[in-house]
Amino acid sequence: LCRSTWGNGTAFASVLRGLQMMMMRRICLSRLIVLLLAMVAMSEGLLAMSKKKTMRVRGGAALSDYSGAAAELFNNMRAPAALIGGSIVPMGFAAVPEIGAGDSQLTKRLKQVHMVVAILSLSAEIVAVIYSTIAINKLSETVSVPAASVTDLLKRDYELQWLGCNLNFLCGMLGFASLIGMRAWFAFGPKLGKVGLCGAASVLCHVISIINRGIQVGDGSGARFGNNFFGLFKRYVVLLVADAAKNKSILQVASAILLAATLVLFANVSPDDHK
């Protein structure tokens with residue numbers, strides 16, 4: 001019976017060889033799977049190690065190209081500066097408050113101050129637009145060295161432009177708020193004008209408080225450009241002087257001299273000096 005069934009053992013041997021081959025294939029397949037898993041684990045480990053090496057650069061921050069983010073920040077300042085500058089034109093120049101013969105000395109002086117504040121505020125917004133536009137162009141034209149953050153990039157390569165853009169925008173905005181208070185005085189007289197001036201002064205104090213808080217927070221990781229608004233202004237002046245000395249900029253020196261001359265000449269104007 002066995003011989004008739006297995007053919008002298010030949011068929012049985014074939015079955016055994018088949019089973020052996022199947023077992024060998026399974027073993028090879030399992031080894032292949034183990035090898036693939038090991039390769040995946042090794043690649044993940046190398047990737048993690050490379051990430052750790054990258055993250056260790058500059059105190060745990062990976063270097064990257066933040067020129068696009070910096071350009072967006074400058075553009076965020078350019079649009080509001082242009083908007084406020086356009087609002088200053090009708091308030092400060094289209095409807096200039098004329099000095100009348102019956103005006104008090106205080107009203108005459110306020111109208112003179114109104115003229116100077118309007119000129120300086122509009123000029124500040126123009127400077128902010130120019131700073132931001134040139135910085136955006138440079139960020140697009142040049143290849144920026146990778147930085148740890150957008151704040152790191154600005155502090156390293158565009159500190160003067162960033163501070164100049166922000167401070168001129170803020171000064172122009174504060175001047176615009178002052179113009180609103182003075183216009184209330186001219187339109188409704190001293191009694192109601194005091195209300196307008198006090199309201200504008202309240203807004204100015206609140207705005208400066210918000211600005212100081214934003215400056216103190218910085219980028220959230222400890223990097224910031226100063227402690228408060230006046231600290232930024234001081235830093236801006238220092239950078240301007242250093243830039244003028246480094247580049248031997250005659251135009252920047254002339255700009256500072258003309259600004260000083262503007263303030264000195266205005267200080268020597270009396271309330272009765274008008275056409």
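A quick note: this is a predicted structure, and the numbers were derived from the prediction, not measured.
- From Tyr66, atom OH reaches atom OG of Ser149 across 6.5 Å, with rounding to the nearest 0.5 Å.
- Listed here is the closest heavy atom pair of Phe266 and Arg109: O-NH2, 3.5 Å.
- For the pair Gly100 and Lys111, the tightest heavy-atom approach, listed with the atom from each and the gap, is N-NZ, 4.2 Å.
- Judged by distance alone, the side chain of Ser255 and the main-chain N or O of Leu251 form no donor-acceptor pair under 3.5 Å.
- Residues Ser132 and Arg78 share a closest heavy-atom pair of OG-CB, 3.2 Å.
- With rounding to the nearest 0.5 Å, the separation of CG in Leu179 from NE2 in His114 is 4.5 Å.
- Although no hydrogens or angles enter the test, the distance criterion places a donor-acceptor pair under 3.5 Å between the side chain of Asn168 and the main chain of Gly164.
- Remark: Leu153 CG to Leu139 CG distance equals 6.5 Å, nearest 0.5 Å.
- Looking only at side-chain heavy atoms (C-beta outward), Gln252 and Leu240 come within less than 4.5 Å of each other.
- For Leu258, the CG atom is densely surrounded, since the number of other residues' heavy atoms within 6.0 Å is greater than 12.
- More than 12 heavy-atom neighbours from other residues, nucleotides or ligands sit within 6.0 angstrom of CZ on Phe225.
- Taking all atoms of both residues into account, the shortest heavy-atom contact from Asn228 to Gly231 is OD1-N, 2.7 Å.
- Placement of Leu110 and Leu174 within a single hydrophobic cluster is found when ILVMFWY residues are connected by side-chain heavy-atom separations under 4.5 Å, directly or transitively.
- The shortest side-chain heavy-atom distance between Leu239 and Asp243 does not fall under the 4.5 Å cut-off.
- Note on Phe233 and Val238: separate hydrophobic clusters, where clusters join Ile, Leu, Val, Met, Phe, Trp and Tyr whose side-chain heavy atoms are under 4.5 Å apart, directly or indirectly.
- The two atoms that bring Ser121 and Cys171 nearest to each other are OG-O, 4.4 Å, heavy atoms only.
- Side-chain contact check for Phe176 versus Val117: every heavy-atom pair is 4.5 Å or farther apart.
- When the side chains of ILVMFWY residues are joined at heavy-atom separations under 4.5 Å, either directly or via intervening members, Ile119 and Val129 end up in two distinct hydrophobic clusters.
- Distance check, rounded to the nearest 0.5 Å: CG of Leu73 to CD1 of Ile136 gives 9.5 Å.
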Dump the intermediate steps for ring-ring contact (aromatic ring centres under 6.0 Å, His included) on Trp162 and Tyr131, then the final yes or no.
CA-CA 8 Å; Trp162 182 241; Tyr131 263 132; over 10 Å; no
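- Here Ile215 contributes atom CD1 and Leu232 contributes atom CG; the two are 3.5 Å apart, rounded to the nearest 0.5 Å.
- Here Leu167 contributes atom CG and Arg235 contributes atom CZ; the two are 12.0 Å apart, rounded to the nearest 0.5 Å.
- The shortest side-chain heavy-atom distance between Leu197 and Met182 falls under the 4.5 Å cut-off.
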Criterion side-chain hydrogen bond (donor to acceptor under 3.5 Å, both in side chains) on Ser67 and Asp65, from CA distance to verdict
CA-CA 6 Å; Ser67 58; Asp65 182 10; 2.9 Å; yes
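- Side-chain contacts under 4.5 Å among hydrophobic residues (ILVMFWY), followed directly or transitively, place Phe188 together with Leu192.
- Within 6.0 Å of the CZ atom in Phe230, the count of heavy atoms belonging to other residues, nucleotides or ligands does not exceed 12.
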Identify all side-chain donor-acceptor contacts of residues 200-210 below 3.5 Å with residues at least two apart in sequence or on another chain.
none

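- In this structure, Leu163 is a member of the same hydrophobic cluster as Leu259, with clusters built from ILVMFWY side-chain heavy atoms closer than 4.5 Å.
- Between the side chain of Glu125 and the backbone N or O of Met173, at least one donor-acceptor pair lies under 3.5 Å.
- A pairwise comparison of heavy atoms in Arg156 and Pro146 identifies NH1-O, 3.3 Å as the closest pair.
- Under the 4.5 Å side-chain heavy-atom criterion for grouping Ile, Leu, Val, Met, Phe, Trp and Tyr, Val145 is not connected to Val150 through any hydrophobic cluster.
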